[in-house]
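See structure below.
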Amino acid sequence: MITSSTTPVEFRHLVRQGRFTGPTSGVCPGYTQANLVIVPQAYAYDFLLLAQRNPRPCPILEVSDVGSRQLQEFAQDVDLATDFPRYRVYQNGKLVAEPTAVDDYWQNDFVAFLIGCSFSFEAELVAAGIEMRHTSLGVNVPMYNTNLPLRSAGRLQGQMVLSMRPVPAHQVATAVQVTAAMPRVHGAPIHVGDPMALGINDLAHPDYGDPVPLRPGELPVFWPCGVTPQNAVMASRLPLVITHAPGHMLVTDVLNQKLKN
C-alpha cells in the first residue's frame with residue numbers, strides 16, 4: 001500500500017513486483033519523476049540531437065551507459081526494465097505492446113534516456129494553492145498532439161505533445177512563475193487559452209491520458225510533455241523503441257528542489 005511516507009525506493013520495489021501498474025501523478029510528492037526513451041545505440045545520437053534541439057519537451061536528466069539498466073545520478077537500486085509501472089514498445093513506428101516490464105525486449109546495445117516530467121512540478125503547484133484536477137479525480141493527466149513542429153534530427157521528426165491542466169484565471173501568473181523555476185522538468189507553460197491555436201479540436205478527447213473538466217473562470221494551461229518522443233518515434237518509424245506509457249513514470253531519488261534554478 002502506498003502512503004504519504006512511501007519512499008521512492010519502496011515505491012520502485014512495488015512497481016518491480018507488479019504491485020503498482022497505474023499512473024504516478026501524486027506519488028512520492030516532492031521527488032522528481034521521469035519519462036523514458038530507450039533506443040538502440042545506432043539511433044542514440046539522433047535522439048540526443050533531437051533533445052538538444054527541442055529542450056522544452058525533451059529535457060534530458062540522465063543517459064545510461066550502453067546496455068545498462070542502471071542509473072548513476074537520479075536513482076540507486078533501480079532497474080530501467082522493470083521500475084516504470086507500464087511501458088510502450090514500438091516497432092517500425094507502430095505500438096505493438098504495453099507491458100509492465102521489458103526484460104524480454106532488452107538488448108545489449110540499448111541506450112536509455114531519462115527525460116524530465118511535468119509531474120515533478122505538480123507538488124509545487126499544489127503548494128501554491130493550484131488544484132491538480134486529474135489527481136483530485138484519480139485519473140491520468142490529459143495530453144494532446146499539436147501542430148507545433150519539432151526541430152528534426154537525423155531520422156527523427158514529429159510534433160510536440162502538450163499536457164493540460166485547468167487553472168483559475170487569477171492563478172495563471174502563479175502557475176507560470178512556479179513552473180518557470182523548473183526548466184529541467186519542462187518549465188513554464190507554452191500556451192494558455194484557445195486550444196484551437198495548437199491544432200487541438202476537442203479538449204474532451206485527449207490523445208493520451210484522460211479528460212478533465214474545465215470549471216467557470218478556469219483556463220486550459222498547456223505545458224510541453226515528455227510523451228513528445230513517442231510522437232517522433234511513430235512519425236520516424238524507427239525499428240525498435242521502448243518508452244514509458246503516458247503518465248506512468250519512474251519515481252527517482254532526487255528531490256524537486258534540486259532541479260530548481
Side-chain angles (χ1 to χ4, degrees), residues 2 11 14-15 18-29 31-37 57 84-90 95-100 115-126 130-148 158-168 171-172 175 179 185-186 189-234 243-251:
I2 299 169
F11 177 72
L14 291 174
V15 173
R19 296 168 62 189
F20 185 96
T21 59
T24 55
S25 176
V27 171
C28 298
Y31 285 91
T32 299
Q33 297 196 25
N35 303 290
L36 178 71
V37 176
F84 286 75
R86 191 168 296 277
Y87 298 80
R88 282 189 164 184
V89 180
Y90 294 90
L95 178 64
V96 297
E98 256 191 315
T100 55
I115 298 170
C117 172
S118 60
F119 283 178
S120 299
F121 59 55
E122 289 185 342
E124 303 289 320
L125 291 172
V126 170
I130 299 172
E131 180 197 10
M132 294 294 95
R133 184 71 38 77
H134 57 286
T135 302
S136 299
L137 296 176
V139 299
N140 202 355
V141 67
M143 295 159 273
Y144 302 87
N145 295 327
T146 73
N147 58 12
L148 303 176
Q159 281 75 43
M160 195 181 303
V161 176
L162 302 179
S163 61
M164 189 280 292
R165 294 160 182 82
V167 178
Q171 291 181 304
V172 168
T179 56
V185 288
H186 300 302
I190 205 164
H191 183 78
V192 177
D194 183 13
M196 294 290 289
L198 301 168
I200 300 171
N201 295 320
D202 188 357
L203 288 179
H205 292 89
D207 296 287
Y208 316 91
D210 301 301
V212 297
L214 265 72
R215 294 173 182 161
E218 293 180 337
L219 294 171
V221 181
F222 298 88
W223 278 268
C225 179
V227 175
T228 296
Q230 298 186 32
N231 181 294
V233 163
M234 290 185 284
T243 73
H244 67 292
H248 298 66
M249 310 303 178
L250 179 75
V251 179

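T24 contributes a side-chain N or O that, together with a main-chain N or O of M249, makes up a donor-acceptor pair within less than 3.5 Å. Between the side chain of H244 and the backbone N or O of L36, at least one donor-acceptor pair lies under 3.5 Å. The backbone N or O of G116 lies less than 3.5 Å from a partner atom in the side chain of H186, making a donor-acceptor pair.
Taking the side chain to side chain donor-acceptor pair (under 3.5 Å) definition, one finds that T100 meets it with nothing, sequence neighbours left out. Applying the ring pair (Phe, Tyr, Trp, His ring centres under 6.0 Å) test to F20 and every residue at least two apart in sequence or in another chain returns F11. Residues passing the side chain to side chain donor-acceptor pair (under 3.5 Å) test with H134, sequence neighbours excluded: S25, E122. Not counting sequence neighbours, the partners of A34 by the side-chain contact (heavy atoms from CB on, under 4.5 Å) test are L61, L114, T252. For S120, the side chain to side chain donor-acceptor pair (under 3.5 Å) criterion is met by no residue, not counting sequence neighbours. Scanning for side chain to side chain donor-acceptor pair (under 3.5 Å) contacts around S163 gives R165, with sequence neighbours left out. Scanning for side-chain contact (heavy atoms from CB on, under 4.5 Å) contacts around Q159 gives N231, with sequence neighbours left out. Residues satisfying the ring pair (Phe, Tyr, Trp, His ring centres under 6.0 Å) test with Y144, not counting sequence neighbours, are none.
Across G26 and Q33, no two heavy atoms sit closer than the pair N-NE2, 4.4 Å. Considering all non-hydrogen atoms of both residues, G226 and P229 come closest at O-CD, 3.0 Å. In plain terms, the two heavy atoms of V141 and M143 that are nearest each other are O-CE, 3.2 Å. When all heavy atoms are compared, the tightest approach of L203 to I200 is CD2-CG2, 4.1 Å.
Taking CE of M160 as the start and CG of L148 as the end, the distance is 5.5 Å to the nearest 0.5 Å. Atom CG of L250 and atom CG of N35 lie 10.0 Å apart (nearest 0.5 Å).
Side-chain atoms of V89 and P99, non-hydrogen and from C-beta on, do get closer than 4.5 Å to each other. Put simply, the side chain of L125 reaches to within 4.5 Å of the side chain of M132, judged on heavy atoms. Inter-residue side-chain proximity for T243 and Y90 is flagged as met; some heavy-atom pair is nearer than 4.5 Å.
Using a 4.0 Å cut-off between a side-chain N of Lys or Arg and a carboxylate O of Asp or Glu, R86 and E98 do not qualify as a salt bridge.
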Determine all donor-acceptor pairs shorter than 3.5 Å in which one atom belongs to a side chain in residues 206-215; sequence neighbours excluded.
| from | atom 1 | to | atom 2 | distance (Å) |
| --- | --- | --- | --- | --- |
| D207 | OD2 | N145 | N | 2.8 |
| Y208 | OH | N145 | OD1 | 3.1 |
| D210 | OD2 | N140 | N | 2.9 |

Anything under 3.5 Å between a donor and an acceptor, one on a side chain of residues 191-198, the other on a protein residue two or more places apart or in another chain? List them.
| from | atom 1 | to | atom 2 | distance (Å) |
| --- | --- | --- | --- | --- |
| H191 | NE2 | D194 | O | 2.8 |
| D194 | OD1 | M196 | N | 2.9 |

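Listed by first and then second residue, the salt bridge (charged side-chain N to carboxylate O under 4.0 Å, His left out) pairs that reach into residues 217-226 are R133-E218, sequence neighbours excluded.
Of the residues listed (I115, I190, V161), the one engaging C225 in a side-chain contact (heavy atoms from CB on, under 4.5 Å) is V161, and it is the only one.
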Yes or no on side chain to side chain contact (heavy atoms under 4.5 Å, CB included) for L219 and V172, after CA distance, side-chain angles and deciding distance?
CA-CA 8 Å; L219 294 171; V172 168; 4.2 Å; yes
Decide yes or no on side chain to side chain contact (heavy atoms under 4.5 Å, CB included) for F222 and M164, but give the supporting numbers first.
CA-CA 5 Å; F222 298 88; M164 189 280 292; 3.6 Å; yes
